[in-house]
Amino acid sequence: MINRRSTLKSMALGAVSTLAIAAVGISYAQAENKELKIGFVGVTSGPAAAWGTSNVRSMQTRAAWINETGGVKIGNDTYNVDIVTFDDQKDPKRAIAGMEKMAQEGVHYVVGPNVDDGAAAVRPVAEANGIIYFPYAFPKALYQKPASNAVLGMIANYQSGPAIYKYLKENKGVKKIAFVAANESDPLSQRDGGVEAAKALGLEIVAQNDTYQNDTRDFTPVLTPIVALKPDLLVLSGVAPANAPLLIRAARELGYEGLISTETAQDAKVLEEGAGEYANGFISVGGASTPEIASDTMKEFVTRYTKMFGEYNDESNTKVYALEYILDTLKANPAAINDVAEFKKTMDTFSAPNPFLKGDAKLGYVGTTSFGQKRQLSVPMVVNEYKDGAFQTLFVGSVD
Amino acid sequence: MEQVIANGLYLGAQYALIALGLTLIFALMNVLNFAHGQMYVLGGFITYTVYGQLGLPFVVALLASGVTLAVIGALMEKFLFRTVIRRSHREESTMLLAAATAFFFDAVILLLFGEKQRGVPKIVKGVFNDAGIIMPYDRLVVGALAIVFIAAFVLYMQYSRVGRAMRALAQDRVAAQLMGVRVDRYSMIGFAMGAMLAGVVGGLLVTITGVNSGIGGPISIKAFLMVMIGGAGVVGGAIAGGFILGMMESVGLTVLREYGDVTYLVIFAALMVFLSVRPNGLMGKPWG
């Protein structure tokens, strides 16, 4: 007799069987490839979510692309890339927990954390468990000896700041400079670095103590006294993408007519929506997707990212690189797949074509000048100027 | 100094409106709604979608934010808070429930609207610049609307039948019930109104400050500050708390700027001293 209970039972059994058959099918199809786990520990929730989300989505997009095209060949084996993620909520304690999780899962290469205190907190765990990690944080101690497991994933503010100020001094006649930063470790250390660089260039610093709470929503009271000092350049040190348009808009509405810049990566859509035409002329540091320099691979990456997540994030222009570096270094020395000491050896001599840039640009590890050892990814230092909804390349620099 | 005062008044109006919904829910149900900031964020995102993405008039977007949040608030009261209040005699149960809903909203908002900061086109362009005061017209409009909403809310609470019933509930829940006030019905209306206010403010302010999925928690904390200053559960207290906080922030950020970010340090220190002298805030009553 067919009743409601037996019908439901049959449906449930049918669903389970279908899923089981599908799962077996999928695993059989992928059985030839081994699995390579790459970790991510960073912030994907809260006000700074944009930083980590652009990281992890870049990794997921690239991994899906690689897996779709047959996986990555390292030595004699071919691997599917599996991204293991952990949201540290910008909390150092959680970052430690995240790195411990990576160690338990046998992950040797981790991208992140995104901020200074998180990157510093995970160092003992990474070193004790043989993990190389790629923070987006600037404290030099992480990359200088005796530290050796951290590799800076981007251009540091103390590298880009002097170049930007010098360019603006020589080309735009900047003489007076003001700094404003969120009252958090990253922005404050970036501000201090910026102040030093500005002093070295002989610029007059008219404001350097002004700070704000990172959750500020209305910046008019913060900027009122700074705008009154009429600086030629207003530097938004370490500004979060969520705050940049609000600060720009508040400054312009208060009548500020000078230049505005930052050394962090920003997103053009966010600037357009939040500040509109007020954001025109805003200078920031980006990666490789401005039309002038992006390769076809970079363009396809942007298309795939957009298809996968609905909308591209310009911060990924820089964050696309970390996974590529890990895989290419492993390709160069397959013994490094479970041995980070081998990875470190390879870093000194590693060189590979840069797939994201036009021309014959190369991937390679740098940082000798800043850190005394090669503990930084060589990514192009593209200084952008925002104009009507898009970034335009102002100049391209490099770090050695 | 004129600019500093103007900034403080504008911030005060904005803050007062944020705190109203929170204090209303507290007054009616003795519930500290930790999800108030998340409701504000949701209201902001609804306005962003309707006005910024679909291109419908701003008033429609504001209405959509208010109505959606009112429905969500009513459902939360009926199916969550009412049940917990009925089944648990421990006050912290509702606090834990409110915290859980805040985390839930955070996750849902991040999933639905993504991680990016969002903004909409200005509702009014141009900047007022006279007599030493610079103030964009859209802030003036939002400030004026905030004052109109506050006045309408106060009048509604004072003179309407629903308002009187809710005030009776706030003063003494048992006595109000004995006098024939339908406690469940007016609790639900009150919660819906509180949530609606959060949604409307979120929608209103998305035109000035934009919105992103991570700001719910900080907004709630600021609202709690205002309520603590003015007195929990008192509408006038929330308004006073909002204006006091706005003015303290504006003056502090100008006067103390040379000393770094000490403005909130000073505000928190002053609040601790103030609460030790007046634990119920400016207008709060010892009995709730």
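Here is how names work: the chains are called A, B, and so on, in the same order as the sequence lines, proteins then strands, and each is numbered from 1.
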Side chain, backbone, both or neither: which part of [X] has a non-hydrogen atom closer than 4.5 Å to chain A?
X	value
B:Ile221	neither
B:Val211	backbone
B:Leu11	side chain
B:Val127	side chain

Please set out all donor-acceptor pairs under 3.5 angstrom arising from side-chain atoms of residues 265-272 of chain B, sequence neighbours excluded.
none

Need one label for [X]: side chain, backbone, both or neither, based on atoms under 4.5 Å from any heavy atom in chain B.
X	value
A:Arg252	neither
A:Thr224	side chain
A:Leu246	side chain
A:Asn313	both

Whether the A:Glu273 and B:Tyr48 side chains hold a donor-acceptor pair (N or O, under 3.5 Å, no angle test) is what I'd like checked. yes

Ignoring hydrogens and angles, state whether a donor on the side chain of A:Ser189 or A:Asp116 is under 3.5 Å from an acceptor on the partner side chain. yes

Tell me whether the rings of B:Phe113 and B:Phe45 are parallel (<30°), tilted (30 to 60°) or perpendicular (>60°). parallel

Chain B: which of [options] shares the most heavy-atom pairs with it under 4.5 Å?
options	value
A:Pro245, A:Pro241, A:Pro225, A:Ala244	A:Pro225
A:Val270, A:Asp218, A:Val222	A:Asp218
A:Thr216, A:Thr220, A:Thr44	A:Thr220

Which residue out of B:Gln3, B:Gln14, B:Lys222, B:Lys122 racks up the most heavy-atom pairs below 4.5 Å with chain A?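 The residue among B:Gln3, B:Gln14, B:Lys222, B:Lys122 with the greatest pair count is B:Lys122.
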
Please identify, among B:Asp106, B:Ile208, B:Val120, the residue contributing the most non-hydrogen atom pairs under 4.5 Å to chain A.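 It is B:Ile208.
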
Using a 4.5 Å cut-off on heavy atoms from C-beta on, say whether the side chain of B:Val200 contacts that of B:Ser65.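 Sidechains of B:Val200 and B:Ser65: no contact.
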
Can you find a heavy atom in the side chain of A:Lys269 that is under 4.5 Å from one in the side chain of A:Asp267? yes

Chi angles and distances behind the side chain to side chain donor-acceptor pair (under 3.5 Å) call for B:Asp138, B:Thr207: CA-CA 8 Å; B:Asp138 57 352; B:Thr207 63; 5.5 Å; no

Using modelled atom types and a 3.5 Å cut-off, is there a donor and acceptor pairing between side-chain atoms of A:Asn209 and backbone atoms of B:Tyr259?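 Absent.
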
Is the centre of the B:Phe224 ring less than 6.0 Å from the centre of the B:Phe34 ring?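 When the ring centroids of B:Phe224 and B:Phe34 are compared, they turn out to be within the sub-6.0 Å range.
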
